[in-house]
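I have placed the structure first, in the form of structure tokens, so that the comments after it can refer back to it.
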Amino acid sequence: MDFDLTQDQRLVQEMVRKFAVNELEPVASEIDKTGEFPWSNIKKMAELGLLGVIVPEEYGGAGLDFLSLAIVIEEISKVCASTGVIVAVNNSLAAYPILAFGDVKQRQKYLPVLARAEQIGAIGLTEPNAGSDVAGLESTAVVDGDYYRLNGTKRFITNGVEAGVYVIFAYTDKTKGHKGLSAFIVDGDTPGFSRGDHEDLMGLRATGNCELIFEDAKVPKENLLGEEGQGFKIGMHTLDVSRIDIGAQSVGIAQGALEASVKYAKERTAFGKPIAQFQLIQAMVAEMATQIEAARFLVYHAAYLKDKQVPRFSKEASMAKWFAAEACLNAVRKAVQVHGGYGYTKDYPVERYYRDAKCMEIYEGTTEIQKIVIARSLLKD
Amino acid sequence: MRDIFVLAEHRRGELRDITIEMLTKGRELAECCGVPLTAVLLGHGVDRFAEKLASYADTVVLIDHPQLENFNSETYQAALSPLLEDRQPFLTLIGHTAFGIDVAPRLSAQSNIPLATDCIDIRCEDDRVFAVRQIYGGKLNAEVSYENAPQYLATIRPASFPVREYGLKGEIVRTDCPALKTPEREFLEYVEAPAGEVDITQADVIVAVGRGIKEKETLPLVEELAKSLGGVLACSRPIVDAGWLPKDRQVGSSGTIVAINKYPNAPVFNEADYGIVGDLFKVLPTLKEKIAELKSG
Amino acid sequence: MEIVVCMKRVPETGDAEIAVDSTGRDIVRDRLTYDINESDNYALEEAVLLKEKFGGTVTLVSMGPPETDETLRMGLAKGGDVAVRLWDHRFARSDGHATAFVLAKAIREMEFDLVLTGCIATDDGRTQVGVTIAALLGIPHATYVMKVDIEDGIATVQSELEGGLIAVNRMKTPALFTIQTGINEPRYPSLISIKKATAKEIRTLTLDDLGLEASSAGEEGSKTKIVKLTPPPVGKRAEILEGAPEVVSARLTEIFKEKGMI
């Protein structure tokens, strides 16, 4: 078992780390305040290939593996979780399903566009009345000549405001239960499609989160992704992959919180010495670091299984996503605590990490859902 | 007798301060070793400098030649090598300046004289020379020894040594210039840095930032403080390199300098007049307040 | 245009706390991270820009132990075509001249129009190696270069002097320039260039490969030696104001008032 990153992966890590510190960190706090979608970050990242890490070179991507993508997302999220999630969604939730399930024409049409960030991608699964309950989705898609008429509303869609390529899930046949769900690639300028207001979120504030509204939206038939009825399978498989990335994001945020805490603890003095010398602070730092390390290995392992093309890795992906979210939440809570009163102000970045972190146990499948996925894989006959 | 040589540095009609600093230290070394101190002046039409140098040195070797009018590392080295070969000074000091850095390594290589650069201190013990230089951006001092050699060469960091007047009347010796080839490098001209919207050299108060501020967002806070002091915002080189502020904001190191740094050993405290060991994000707002209070009350 | 870029792998000590090791002549290195010397990175970018303009190849040269390969590999990802690493345990603890001597020996065997180096190494701060290489190779040089223009084998360069003043010099190639930071904006290597870099060659040459005598390299070949390292005296010039932000701010405001700044 080789626990080392390859030389390429190490170089990728080094490059993204430097890029993140020099280019993303200086504006992270500002975009969180203003909620501005960071197009200048995205343009720079697109040039380096970061918006299409796992898109094959023949489609204009970098053609790297999922472990490399996890590394990219971790390093970015360490300084800016909003930018990290934009990259994760573009790669795993928009580009990946098209890569894995799209036909040649769809791949040729959309993958280069996403890899170069000529358009940003987003996924529309969640609805106002259905988050965890995928069977409870209400959006419908009905054949009408050369089109599907799409009706419904999607809620809390990351990248929603600025995206131009959406992967949308709707029922083509409600009678078949989850086997009646289908997936579609929807262009941003589709007639009948509109976007709701920009959500005012607790954290991940610069991700252009909004509602997507479909009112008899005309989606060309050739934009059906895979086959009718394949939607559930496409959705679940895509989430398995994206959970690796959200796990990586959690590790990144947690690592950022840890490093900030270590730095602060060495500088801040109380009772005549740096607080780093007090055991209770030391305990907090030790706990954070160990949990982050464990989370990182779960994420890397899930990525490794995906790269090895193991047919089922849902359990490992869910373990990684859930555990990393827990590690992240523990880390940011301790980080604010280490910073004391200053951690509660906006003068220090840890309060942003705290707000960003909460979403880790909610989106891409709540922690509760992850546990069910894991249990099911162990308890099913 | 083996002298101590000091290479005078001048540019555009002015003798540069480093020269006098080196002569002051040179005199101290010369007295310690019981040897004469010689100033070496290369140039064209620079007699007035020779007279000034004579007040610090026992001898001024003046080599006047049209080809030496503007600094050129090749011609300067070509003039110095035969002089050093002939006179065999024990130690030669050159300023660690743009010019000095340009010529000293070349002189060292061509004349085979060991060189230590950017020295902040230098001393002679018997026939050996020891220098002190800074490494890791000033975080540590390194004591450097030279292997036994007939001559030694060192470049001296500006502002390392205070200046003293000696009021001597050294002998000015006009020395022939060796035959100089046309150098491969041709000096064309000097160009002044373009003037920006803010001339920090005219400011009474400068509040400067370095890499420690981490976020561009901090600049407005610092600029406010600068304005409340009746001054301007300036910065160190890395901030200019990163494109956060234009070149005309890059600061040198003159005037009353107050440094704020969280590390007690920060090298900046060696350059500053006043130092505060602390967090700039805590000190600046408090300072702004106090200044505002004083101004109003 | 054939360009040689000299690169050094240095420890990142900007934010780190450095301690003197038990020998008293070096620092404790186990917790340090390493990177390409900052001004060498600008030199590399300048070389790649010139290559993009004129065609040709960029050869990276570095004197360093095996770990240096990673830095060279990143250099190849940024646009270098081939890398040469010079190493022998007998190269250790070289001073400026000895380092330049080894590098010049290797470079002499190469075909080049330009040699670019950084203007200063952030670890030892010597500013010596570049100019020494030029002298040993017998080519003209310029230091602290902020602008390079080349036409028909003639280079016109701007060198930064004190106070923002610039000296403009002209010379024929082959020539050597030590490059100042800020001359360009060094690129980040894209993911694809990182992938491509794995296929590029890093050659290693030892003391014997270079045909050198042990006496001309490393500590043996160095005429200056580090005797010991010490921390600099604290606050040599600065009057340190102590206390909480409130207290120091009040005192500083007093000082400003005394000096007539307010």
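Naming convention: chains lettered A, B, ... in sequence-line order (proteins, then strands); numbering from 1 in each chain.
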Check against side chain to side chain contact (heavy atoms under 4.5 Å, CB included), C/Leu191 and A/Val53: CA-CA 8 Å; C/Leu191 295 182; A/Val53 178; 3.8 Å; yes

Verdict with reasoning, A/Glu57 to C/Lys195, per side chain to side chain contact (heavy atoms under 4.5 Å, CB included): CA-CA 11 Å; A/Glu57 277 189 61; C/Lys195 260 168 99 171; 2.7 Å; yes

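Here C/Lys196 contributes atom NZ and A/Asp8 contributes atom CG; the two are 13.0 Å apart, rounded to the nearest 0.5 Å. Here CE of A/Met45 is found 14.5 Å from OG of C/Ser190. Values are rounded to the nearest 0.5 Å. Once rounded to the nearest 0.5 Å, the distance linking NZ of A/Lys18 with CE of C/Met74 reads 5.5 Å. Atom CD of residue A/Gln9 and atom CD1 of residue C/Ile194 lie 11.0 Å apart, to the nearest 0.5 angstrom.
Counting heavy-atom neighbours within 6.0 Å of C/Glu242 CD, excluding the residue itself, gives a total of 12 or less. Counting non-hydrogen atoms of other residues, nucleotides and ligands closer than 6.0 Å to OH of A/Tyr59 gives a total above 12. Few gaps surround CD on C/Glu67; more than 12 heavy atoms of other groups in view lie less than 6.0 Å from it. For A/Tyr342, the OH atom sits in a loose shell: 12 or fewer heavy atoms of surrounding residues, nucleotides or ligands are nearer than 6.0 Å. Atom OH of A/Tyr344 sits in a sparse spot, with 12 or fewer heavy atoms from other residues, nucleotides or ligands closer than 6.0 Å. The number of heavy-atom neighbours closer than 6.0 Å to CD of C/Glu185, taken from other residues, nucleotides and ligands shown, is 12 or below.
A donor atom on one side chain and an acceptor atom on the other are found under 3.5 Å apart for A/Glu23 and C/Tyr188.
Using a 4.5 Å cut-off between heavy atoms, A/Gln7 touches chain C through its side chain atoms alone. Of the two parts of A/Lys44, neither the backbone nor the side chain holds a non-hydrogen atom closer than 4.5 Å to a non-hydrogen atom of chain C.
Here the closest heavy-atom approach between residue A/Leu11 and residue C/Glu70 is recorded as CD2-O, 4.0 Å.
Interface summary for chain C: among A/Gly61, A/Ala62, A/Gly49, the most heavy-atom pairs under 4.5 angstrom belong to A/Ala62. Looking only at heavy-atom pairs under 4.5 Å with chain C, the residue among A/Leu48, A/Val72, A/Leu64, A/Val12 that has the most is A/Leu48.
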